[in-house]
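Reminder, nothing fancy here: chain letters follow the sequence lines and each chain counts from 1.
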Number of protein chains: 2
Amino acid sequence: MTVLFSRKCEYALQGILYLAEKQDQGNISADQIAKDLSISKDFISKTLQSLVKEGIVLSSRGKTGGFALARAPEELSLLDIILVIDGNGVFESCVLGLPTCGSDSPCSVHEQWGPLREASRQMLANTTVAQFKPTNETDK
Amino acid sequence: MTVLFSRKCEYALQGILYLAEKQDQGNISADQIAKDLSISKDFISKTLQSLVKEGIVLSSRGKTGGFALARAPEELSLLDIILVIDGNGVFESCVLGLPTCGSDSPCSVHEQWGPLREASRQMLANTTVAQFKPTNETDK
DNA sequence: TTTAATTCGGACTGATTACTCTGCTTTTGT
DNA sequence: ACAAAAGCAGAGTAATCAGTCCGAATTAAA
């Protein structure tokens, strides 16, 4: 089944949302995340490491180590995460995969697709991680 | 790179559009399609066979054999082809892959994504193969 | 009736994605 | 100092997707 984002990207989003939820509880171990999200510990671990490299997530080793958000949830959009994991290919290439299709010689759906694609992008850019937090006020 | 539709689906769309273009030239061989679209003959062949099974494309064997559209291009939408090859997963599942997300307990983007997804679907459903034909009138 | 040109079916191969394993390093509590 | 608990890195494995190959069945023309 073809899906908009890669599995890894979906897990990254879920992981980030989870970290935001537990934001005030300090470091969260990959083990705990994995259990609560029912994902493989090794895989979510690797995925979060990608986000650590990009400065989106903080990590610390050792006995009390784990992961935490590097930015305020209000300053972190879903698109930020998607771009790191999957890149922006989804928002760029021709929907029909037509090799000739581009802004200069667009295919029949190109013009109609553009606004939809842009709206999707905007929505993901405007939706912050904070909006997923259950019932907290602004910042802690 | 993650993309909306599978490669096979993209080829199917390109193949159908090509068949529509050559509609008045009788059967078109997989070999010719492959050459003109710069796709592997074997692969486009297999792909079109899937569409034959669903009654979207006609095929005939033998010396003058080849493929042709089974329906009028005006009666064939892009969505028809997409559904056969990729199914409707893209239009159904949660964008974020959240396991809990559904119409009963939607995630934060679910509500906003719905209209976009529906608009995309509508656009693909309303765009017929005929719209791609260069400069022909209605039906021959 | 033979031959050439085609689709068709199934098995096969290669590439990419998804995930796992193992061992190492770091850090903290005892 | 030591042991336990965590992340990290790289190699390895499994599954799916993309594409190939080959031989059989079909059909039309020579």
Side-chain angles (χ1 to χ4, degrees), chain A residues 1-15 19 22 25-70 82 85-87 89-90 97 99, chain B residues 1-15 19 22 25-35 37-70 85-87 89-90 97 99:
Chain A
M1 185 180 74
T2 312
V3 138
L4 204 50
F5 305 118
S6 72
R7 211 86 192 273
K8 186 174 179 183
C9 188
E10 292 182 353
Y11 288 167
L13 289 164
Q14 293 179 34
L19 284 180
K22 305 270 181 179
Q25 301 182 24
N27 288 331
I28 311 286
S29 74
D31 198 57
Q32 183 182 343
I33 301 173
K35 275 176 186 145
D36 283 359
L37 296 182
S38 305
I39 311 181
S40 138
K41 174 198 162 187
D42 284 315
F43 198 45
I44 188 66
S45 195
K46 275 261 185 294
T47 304
L48 288 176
Q49 278 162 33
S50 304
L51 297 172
V52 168
K53 279 180 192 160
E54 299 298 321
I56 291 177
V57 166
L58 294 175
S59 70
S60 56
R61 296 186 176 186
K63 199 145 189 173
T64 59
F67 297 94
L69 291 186
I82 291 165
I85 304 294
D86 277 354
V90 195
Chain B
M1 188 178 75
T2 312
V3 139
L4 203 50
F5 305 118
S6 72
R7 212 84 193 272
K8 186 173 179 182
C9 188
E10 292 181 353
Y11 288 166
L13 289 164
Q14 293 179 34
L19 284 181
K22 306 271 182 179
Q25 301 181 23
N27 288 332
I28 312 286
S29 74
D31 198 56
Q32 183 182 344
I33 301 174
K35 276 177 186 144
L37 297 183
S38 305
I39 311 180
S40 138
K41 175 197 162 188
D42 284 315
F43 198 44
I44 188 66
S45 194
K46 276 256 186 299
T47 304
L48 288 176
Q49 278 164 34
S50 305
L51 296 171
V52 169
K53 280 180 192 160
E54 299 299 320
I56 291 177
V57 167
L58 294 175
S59 70
S60 57
R61 295 186 176 185
K63 198 146 188 174
T64 59
F67 297 93
L69 290 187
I85 305 293
D86 278 354
V90 195

Between P of D/dT16 and CG of B/D86, the distance in whole Å:
16 Å
What's the CG-P distance between A/L48 and D/dA6, to the nearest Å?
15 Å
Strictly below 4.0 Å: does A/S40 bring a side-chain N or O up to OP1 or OP2 of C/dT20?
yes
Which whole-number value in Å describes the distance from A/K41 NZ to D/dC8 P?
12 Å
Note: A/D31-A/K35 ion pair, threshold 4.0 Å (strictly below):
yes
Considering only heavy atoms from C-beta outward, does the side chain of B/Y11 approach that of B/L37 to under 4.5 Å?
no
Could you tell me whether A/T64 contacts a base, only the sugar-phosphate backbone, or nothing, with contacts defined as non-hydrogen atoms closer than 4.0 Å?
sugar-phosphate
It should be established whether A/S60 places a side-chain nitrogen or oxygen under 4.0 Å from OP1 or OP2 of nucleotide D/dG7.
no
B/F67 side chain, from C-beta outward: closest of C/dT7, C/dC21, D/dG10
C/dT7
Whole-Å gap separating C1' (D/dC8) and CG (A/L58)
16 Å
Could you give the CD1-to-P distance, from B/I28 to C/dT7, as a whole number of Å?
11 Å
How many Å lie between CD on A/Q49 and C1' on C/dT20, as a whole number?
14 Å
So, does B/D86 use its side chain to make a donor-acceptor pair with the main chain of B/S6 at under 3.5 Å?
yes
Gap between atoms CG and P, on A/D31 and D/dG7 respectively (whole Å):
8 Å
Quick one: which of D/dA29, D/dC8, D/dG10 gets closest to the side chain of A/K46?
D/dG10
Using a 4.0 Å heavy-atom cut-off across all strands, classify B/S45 as base, sugar-phosphate, or nothing.
nothing
Sorted by position of nearest nucleotide on DNA chain C, 5' first, the leading residue of A/F43 and A/G62 is A/F43
Does any part of the side chain of A/S50, heavy atoms only, come nearer than 4.5 Å to the side chain of A/K46, both counted from C-beta?
no
Does A/V90 reach the side chain of A/I82, with side-chain heavy atoms less than 4.5 Å apart?
no
Tell me which nucleotide among C/dG29, D/dA6, C/dC8 gets nearest to the side chain of B/V52.
C/dC8
Does D/dA18 have OP1 or OP2 sitting under 4.0 Å from an N or O in the side chain of B/Y11?
no
Earlier contact from the 5' end, DNA chain C, for A/R61 and B/K53
B/K53
Can you see if the side chain of B/R7 gets near the phosphate of D/dC17 - specifically, an N or O under 4.0 Å from OP1 or OP2?
no
Figure out the CD/P separation between B/Q32 and C/dA5, and round it to whole Å.
15 Å
